[in-house]
Amino acid sequence: MAPATLRERARARGPATACVGAATTRNQPLSRSSVLRMSTLFLRTLREDPSDAEVASHRLLVRGGYIRRAAPGGYTWLPLGWIVYRNVERIVREEMDRAGFQEVHFPALLPREPYEISGRWTDYGENVFRLKDRRGNDFLLAPTHEEMFTLLVKDLYSSYKDLPLHIYQIQTKYRDEARPRAGLLRTREFVMKDSYSFDIDDAGLETSYEQHRQAYISTFNRLKLPFVMVSAVSGAMGGSASEEFLAPIDVGEDTFVRCSNCDYAANTEAVQVRPPDTVAFDGLPAARTEATPDTPTIETLVDLVNSRADLRHPDRDWTAADTLKNLVVKLKHPDGTFSALAIGLPGDREVDLKRVEAQVGPAEVVAFEPVDFAQYPSLVKGYIGPGALGENNASGIRYLVDPRVVDGTAWITGADQTGRHVLHLTMGRDFTPDGVIEAAEIHGGDPCPKCGHALEIARGIEIGHIFQLGRRYAKALGLTVLDQNGKTQTVTMGSYGIGVSRAVAAIAETVVDDKGLCWPREISPADVHIVITGKPSEPTGPKAEELAAQLEAAGLRVLLDDRVGTSPGIKFNDAELLGVPTIVVVGKGLANGTIEVKDRKTGVRTDVAVDDIVAHLVDVCRA
RNA sequence: CGGGGUGUAGCGCAGCUUGGUAGCGCGCCACGUUCGGGACGUGGAGGCCCCGGGUUCGAAUCCCGGCACCCCGACCA
């Protein structure tokens with residue numbers, strides 16, 4: 001006699017493994033099996049996209065019940081998400097350990113002092129979460145741990161014999177981001193694996209850096225995360241050589257260039273424009289100042305000089321690239337003071353503030369206001385020229401120019417008088433700036449600094465960053481060791497980070513399709529997702545239970561959709577949304593002795609004989 | 001921190017212009033039917049309409065002030 005209600009039927013079906021204890025209303029809450037059961041999993045998939053999620057990883061991780069937003073810039077990991085997160089973390093840890101790095105673990109809550117000494121209590125600015133203890137002492141939630149690692153090594157080591165040393169941690173970091181966004185891609189609390197290397201000399205640092213580079217390459221390969229290694233600038237961390245690992249994905253926040261011909265790739269902030277050859281001054285026309293009425297823009301200026309016979313270029317038309325645009329910005333320094341900076345660049349280029357800030361950091365670039373002009377009477381708005389700029393000229397404002405401005409290049413530029421411009425103003429002969437700055441926007445098609453072929457521009461998610469920090473922190477915090485000669489040496493350091501929680505989102509980004517996620521096997525919450533279809537009275541349920549137990553015994557991780565009364569369409573769609581790489585359907589085919597195996601990624605379905613199914617799946621999953 | 005958008009049931013949304021019983025779809029609960037691609041019927045539960053002031057006999061709706069979220073900039077793993 002068939003059980004009367006759905007619930008009784010569910011109970012009647014039960015798991016193949018022994019049901020422990022008294023009858024319950026759930027299928028198997030007390031079973032020791034590690035099979036994940038959809039009937040009891042703390043999971044709710046969403047039929048529709050959440051309205052606040054824009055990027056694919058955010059949308060699908062929420063829809064698939066992997067994460068829930070808990071706070072501005074903070075997410076809760078649900079059971080499936082936490083499994084995925086831990087898989088990623090485990091891979092990172094295993095790769096670090098394999099490289100011979102040793103894991104330690106610091107507090108995230110730290111006192112002010114170390115950061116005060118390194119200068120970052122102020123340099124890090126608003127991005128640090130600061131708090132006070134009951135006595136009013138300052139603390140912070142660590143945004144990164146250079147200081148603590150440095151102090152720890154100082155605490156324990158004092159000989160060159162102890163070096164090199166590589167230590168790392170996997171830690172929750174806190175940054176008070178002005179704008180968290182895109183789900184896990186930019187949060188205020190996130191997990192980072194940060195490593196530090198300690199060496200006695202520069203050659204050692206080079207070696208340590210290279211070791212980390214290799215460890216990162218194998219880590220990202222194992223995470224199945226496509227990446228591009230780009231030259232970078234080191235920002236607030238300080239230091240010299242630095243490379244970023246970017247997953248080339250359009251929703252990423254980093255813009256980078258890569259050469260269409262050679263292996264050059266760089267963050268746009270780090271691109272160094274190759275200067276043209278200098279030109280001898282002999283025979284170059286003398287500079288001349290001309291009235292140029294009604295030329296408020298570069299465009300109108302170029303039109304005017306091209307249309308006036310007396311100003312025309314002898315061989316060709318003038319273009320915006322012949323003009324030298326000068327603009328003034330203010331630098332806001334971490335201590336709250338301001339200074340002015342003038343930038344000169346070809347008129348066909350806009351200023352890329354990110355590039356500027358990468359070079360003036362930790363100062364921030366802010367707009368030069370009309371009130372600021374009042375302080376510099378020699379600056380004529382709209383007609384600022386090299387004549388007024390520079391530390392030795394009227395304004396005294398530091399003047400840096402684009403690398404394309406080399407000796408012998410001639411420019412049309414402001415004459416520091418309203419309505420007047422200078423033509424043929426020649427660098428090195430008529431003016432001398434205080435230095436060079438990479439401020440100009442990089443355009444697709446610009447020449448590669450290495451080989452001269454065209455650059456292309458792409459976007460990426462920063463998943464890793466490696467730096468040669470040098471001695472900045474060791475010096476500030478007094479980390480020294482004695483060398484072979486008994487002489488005190490300041491240790492040189494490297495710092496290396498992987499965004500672990502961000503990597504989960506980056507991986508998700510790279511594996512989405514129109515149906516949902518599709519995890520790399522090692523990261524997936526399970527190896528196989530078994531879907532049971534058919535009426536509860538059919539043998540598909542018990543057969544699937546048996547299969548799940550066999551697969552588990554064979555070492556596979558199983559997610560079993562044992563929900564009763566859920567229509568097959570929902571189960572199929574959920575399976576595709578969740579993205580376990582192998583989907584197994586125990587259903588119709590069973591009558592003919594087959595079970596269907598579907599590859600999530602390719603969609604290819606194979607009917608496999610019941611007798612062969614376990615061996616087949618073990619093969620598929622071990623492949 | 002600038003610009004734009006949105007806050008109404010767990011989720012997705014309508015209602016607001018023109019003030020008067022808070023609605024729809026999905027999900028959830030109960031019973032029955034159904035069982036290979038987001039099934040059906042019947043009956044239910046669930047709301048500080050973001051918060052605080054104001055106008056009004058009466059406010060989800062109008063006014064003022066906040067806050068939150070999302071997107072684009074600015075800033076960063």
Side-chain angles (χ1 to χ4, degrees), chain A residues 4-7 9 44-55 58-59 62-63 65 68-69 71-73 124-128 143-144 171-194 232-233 235-237 244-247 251-254 269 332 352-354 356-358 361-362 364-367 461-467 495-503 505-506 515 531-538 540-541 563-577 583 585-591 596 598 605:
Chain A
T5 67
L6 287 177
R7 188 158 268 176
R9 287 179 185 190
R44 194 96 318 159
T45 58
L46 306 179
R47 181 177 293 223
E48 285 159 297
D49 286 335
S51 65
D52 59 356
E54 201 75 10
V55 305
H58 185 198
R59 209 174 64 230
V62 171
R63 259 192 73 192
R68 298 293 297 173
R69 198 188 81 89
Y124 233 100
E126 300 280 73
N127 271 342
V128 184
T144 172
Q171 239 298 357
T172 305
K173 308 284 185 184
Y174 297 86
R175 292 187 191 171
D176 188 359
E177 297 286 347
R179 185 163 82 84
R181 62 174 289 273
L184 295 179
L185 283 179
R186 173 157 306 284
T187 53
R188 300 209 283 185
E189 175 177 310
F190 60 97
V191 177
M192 182 160 88
K193 187 287 305 173
D194 50 329
V233 286
M237 306 295 167
E244 286 172 0
F245 290 73
L246 301 181
V251 299
E253 300 174 277
D254 281 63
E269 294 168 20
K332 183 184 179 189
D352 182 335
L353 286 181
K354 278 193 164 186
V356 175
E357 291 199 334
E364 286 173 56
V365 177
V366 296
I461 298 171
E462 185 178 355
I463 48 175
H465 200 161
I466 55 179
F467 301 90
S495 136
Y496 318 88
I498 291 178
V500 180
S501 46
R502 175 182 282 180
K515 294 187 166 82
V531 171
I532 303 172
T533 68
K535 301 182 192 184
S537 58
E538 292 175 15
T540 50
R563 288 176 293 181
V564 173
T566 302
S567 75
I570 290 178
K571 291 185 173 183
F572 292 139
N573 283 315
D574 275 350
E576 279 151 354
L577 172 64
I583 298 169
V585 184
V586 182
K588 261 188 341 198
L590 196 58
E596 180 183 310
K598 181 174 173 181
R605 302 183 197 188

Identified pairing partner of B/U55, criterion: Watson-Crick or G-U wobble below 3.5 Å: none
Just how far, in rounded Å, is P of B/G37 from NZ of A/Lys515? 14 Å
Check this for me: does any side-chain nitrogen of one of A/Glu576 and A/Lys598 sit under 4.0 Å from a carboxylate oxygen of the other? yes
Nearest-Å distance, CG (A/Asp194) to P (B/C76)? 18 Å
With a 4.0 Å cut-off, would you call A/Lys588 and A/Glu596 a salt bridge? no
So A/Glu596, base contact, sugar-phosphate only, or nothing? Heavy-atom distance under 4.0 Å. base
Whole Å only: how far is the CD1 atom of A/Ile461 from the P atom of B/C76? 18 Å
So, do A/Arg175 and A/Arg188 sit near enough that their side-chain heavy atoms are less than 4.5 Å apart? no
Partner nucleotide, any strand, of B/G12 [Watson-Crick/G-U, under 3.5 Å]: B/C24
Mind checking if A/Gly73 touches a base, just sugar-phosphate, or nothing, with heavy atoms under 4.0 Å? nothing
Using a 4.0 Å heavy-atom cut-off, does A/Gly497 contact any base of the nucleic acid, only the sugar-phosphate backbone, or nothing at all? nothing
Verdict with reasoning, A/Leu184 to A/Phe190, per side chain to side chain contact (heavy atoms under 4.5 Å, CB included): CA-CA 8 Å; A/Leu184 295 179; A/Phe190 60 97; over 6 Å; no
With sugar-phosphate meaning primed atoms plus P, OP1 and OP2, does A/Ala182 contact a base, only sugar-phosphate, or nothing at under 4.0 Å between heavy atoms? sugar-phosphate
Ignoring hydrogens and angles, answer whether the base of B/G37 and the side-chain atoms of A/Glu576 contain a donor-acceptor pair closer than 3.5 Å. yes
B/G2 to B/U61 separation - C1' atoms, rounded to the nearest Å: 31 Å
Taking a pair as Watson-Crick or G-U wobble with both distances under 3.5 Å, which nucleotide is matched to B/G73? B/C1
Pairs under 3.5 Å (N/O, protein and nucleotides 9-12 of chain B):
residue: B/G12; atom: OP1; partner: A/Ser51; partner atom: N; Å: 2.9
residue: B/G12; atom: OP1; partner: A/Ser51; partner atom: OG; Å: 3.1
residue: B/G12; atom: O2'; partner: A/Glu48; partner atom: OE2; Å: 3.4

Closest approach of A/Thr533 to A/Pro568 (non-hydrogen atoms, all atoms of both residues): CG2-CB, 4.1 Å
Starting from C1' on B/G36, measure out to CD1 on A/Ile583 and report it in whole angstrom. 13 Å
Might you point out which heavy atoms bring A/Thr540 and A/Val586 nearest each other, and give the distance in Å? O-CG1, 3.5 Å
How is A/Arg605 classified with respect to the nucleic acid when contacts are heavy atoms under 4.0 Å: base, sugar-phosphate, or nothing? base
Mind checking who B/U34 pairs with, Watson-Crick or G-U wobble, both distances under 3.5 Å? none
Provide, to the nearest angstrom, the distance between the CG atom belonging to A/Asp574 and the P atom belonging to B/C26. 17 Å
Ranking B/C69, B/G36, B/C35 by distance to the side chain of A/Pro536, first place goes to B/C35
Expressed in whole Å, how much space separates the C1' atoms belonging to B/A30 and B/A68? 38 Å
Give A/Thr172 one of three labels, base, sugar-phosphate or nothing, depending on what nucleic acid heavy atoms sit under 4.0 Å from its own. nothing
For B/U33, decide between syn and anti, treating a glycosidic angle within 90° of 0 as syn. anti
Nearest to side-chain heavy atoms of A/Val585, which nucleotide of B/C76, B/C69, B/G36: B/G36
Atom pair distance, as rounded to whole Å: CG in A/Leu246 and P in B/C76: 15 Å
Mind checking whether A/Val62 and A/Arg68 have side chains closer than 4.5 Å, heavy atoms only? yes
Looking only at B/G38, B/C76, B/G36, the nucleotide nearest the A/Arg175 side chain is B/C76
Check if the side chain of A/Lys598 and the base of B/G36 share a donor-acceptor pair of N or O atoms closer than 3.5 Å. no
In whole Å, measure the gap between the C1' atoms of B/G37 and B/G73 for me. 43 Å
Specify the separation, in whole Å, of atom CG of A/Leu577 and atom P of B/G37. 18 Å
Residues two or more places apart in sequence or in another chain: which of them pass ring-ring contact (aromatic ring centres under 6.0 Å, His included) with A/Tyr496? A/His212
B/U56 and B/G19, which share atom name P, separated by this distance in whole Å: 16 Å
Do A/Pro143 and A/Lys173 come close enough that some side-chain heavy atom pair is under 4.5 Å? no
Would you call A/Asp574 and A/Arg563 a salt bridge, taking side-chain N to carboxylate O under 4.0 Å as the test? yes
Heavy atoms only, 4.0 Å cut-off, all strands: where does A/Val500 land among base, sugar-phosphate and nothing? nothing
Result for 5'-nearest mapping on RNA chain B, choosing between A/Arg502 and A/His58, is A/His58
With C1' as the reference atom in both, quote the distance from B/A60 to B/C16 in angstrom, rounded to an integer. 7 Å
Inter-nucleotide C1' distance (B/C72, B/A45), Å rounded: 42 Å
Rounded distance in Å between the C1' positions of B/G15 and B/C49: 10 Å
Rounded interatomic separation in angstrom, taking CZ from A/Arg63 and P from B/C26: 17 Å
Quick one: on RNA chain B, does A/Val55 or A/Thr566 contact a more 5' nucleotide (nearest heavy atom)? A/Thr566
If the C1' atom of B/G4 is compared with that of B/A9, how far apart are they to the nearest Å? 29 Å
Presence of A/Arg181 side-chain N/O under 4.0 Å of B/C72 phosphate oxygens OP1/OP2: yes
